Amino acid sequence: MTLDVMIATIGTAGIERVAAMNPPKVDGVRYIVSWQMPDDDTVCVPEALKREDIVIYRHDDRGVSRNRNYAMSKATADVCLTADDDLIYDVDGLRFVMDVFKADMTLDVALFKYSGASAKSYPDEEYDVERLRKGHFVSEVEIAFRRSSTKGRLLFNELLGTGSPVIHTGEGEMFVFTALKRGLRCRYFPIVIVGHPGVSAGFRTAEGPGGLMGPGAMIYMYHRHTWPLRIVVNAWRSAVRSSGGFLQALRDMKNGALYARRFFNPDGTEKSL
């Protein structure tokens, strides 16, 4: 069993963060660094990343989902693990990812946990995901998938995520939504596979104006006929939890739902307009 850890990063600061990760050397594990450098082609690869188990692909582009898809196009391992440039991996966590796919050849997508300053609450028990349980929100760095069963069938929606035109969150949850819509088998494992010492960019984005467009889009995807009432309820809950404005939350969620209705297919992929 082999594993490609697909690290998405951008810019000079990004590649320096990847070097600071000092990813562990593990048999069967390779690190693919997809490095977007849209503004500067003079920066050199840090010495710490010049290793046999690290390969760096540099390209002029923007958008984290596009970056993740580029990394996927370079993957060759049995299993792929989605990653960011500010994580802490250990040998046991990476081996566990490979082990769950080795133990169950019918498994296509696996979801895990991360620890750290912005860690979320998770279900306590392992379960087959036919639909994410209430309160179980997926982050990109928790997702692994079998390359052979997802190749040509599953990509990140490039209209979602940091650097996308409108909605800057939600790419991980939509990825899982599309996987399920396309009949892939997904299972959640309540095991921490990685540490995230800082505050997730997704958490920071969600705090600003427009930050709830992603949840609004997902509400529409799950509830295509009852979404107007549901976004009112969810906007109110969000305002209570965060002490933010109800009208702003409602506006964000409505705009996200309308955007999804216009641009997304029923399986969460981008429409061809």
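Treat the numbers as computed from the prediction; the structure is a model and nothing was measured.
- For the 3.5 Å distance criterion, the side chains of Y127 and H136 qualify, holding a donor opposite an acceptor.
- In the model, H196 has no side-chain atom that pairs as donor or acceptor with a side-chain atom of D84 under 3.5 Å.
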*Candidate pair Y259 and Y220, rule ring pair (Phe, Tyr, Trp, His ring centres under 6.0 Å), full reasoning*: CA-CA 9 Å; Y259 188 86; Y220 174 80; over 10 Å; no
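- Donor-acceptor pairing under 3.5 Å is lacking for the side chains of Y57 and Q36.
- Heavy atoms from other residues, nucleotides or ligands lying under 6.0 Å from CD of E130 number 12 at most.
- Between D267 and K181 no salt bridge is recorded (no basic side-chain N to carboxylate O distance below 4.0 Å).
- A continuous path of ILVMFWY side-chain contacts below 4.5 Å connects F177 to L180, so both sit in one hydrophobic cluster.
- N69 and E158 are linked by a side-chain donor-acceptor pair at a separation below 3.5 angstrom, with hydrogens and angles left out of the test.
- Counting heavy atoms from C-beta outward, Y122 and F137 have side chains that stay 4.5 Å or more apart.
- Every pair passing salt bridge (Lys or Arg N to Asp or Glu O under 4.0 Å) that includes a residue from residues 25-38 is listed here, sequence neighbours excluded: D4-R30.
- Screening V138, I143, V100, V141 for a side-chain contact (heavy atoms from CB on, under 4.5 Å) involving F112 leaves a single residue, V100.
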Please tabulate, one pair per line, all N/O donor-acceptor pairs under 3.5 Å involving side-chain atoms of residues 184-194, not counting sequence neighbours.
| unit_1 | atom_1 | unit_2 | atom_2 | d |
| --- | --- | --- | --- | --- |
| R185 | NH1 | D104 | OD1 | 3.4 |
| R185 | NH1 | D104 | OD2 | 2.6 |
| R185 | NH1 | T106 | OG1 | 2.8 |
| R185 | NH2 | D104 | OD2 | 3.3 |
| R185 | NH2 | D128 | OD1 | 3.1 |
| R187 | NE | E126 | OE2 | 2.7 |
| R187 | NH1 | D128 | OD1 | 3.1 |
| R187 | NH1 | D128 | OD2 | 3.4 |
| R187 | NH2 | E126 | OE2 | 3.0 |
| Y188 | OH | P123 | O | 2.8 |

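- Among I10, D61, I15, T12, the single residue meeting the side-chain contact (heavy atoms from CB on, under 4.5 Å) criterion with M37 is T12.
- The cluster map of Ile, Leu, Val, Met, Phe, Trp and Tyr, joined by side-chain heavy atoms under 4.5 Å apart, puts I88 and I54 in different clusters.
- For the pair R66 and F156, the cation does not sit on the ring face, since its NZ or CZ is not both under 6.0 Å from the ring centre and inside 45° of the axis.
- No side-chain N or O of K74 forms a donor-acceptor pair with one of S34 less than 3.5 Å apart.
- Looking at heavy atoms from C-beta onward, E142 lies in side-chain contact with K120 at the 4.5 angstrom threshold.
- The cluster map of Ile, Leu, Val, Met, Phe, Trp and Tyr, joined by side-chain heavy atoms under 4.5 Å apart, puts W227 and F263 in the same cluster.
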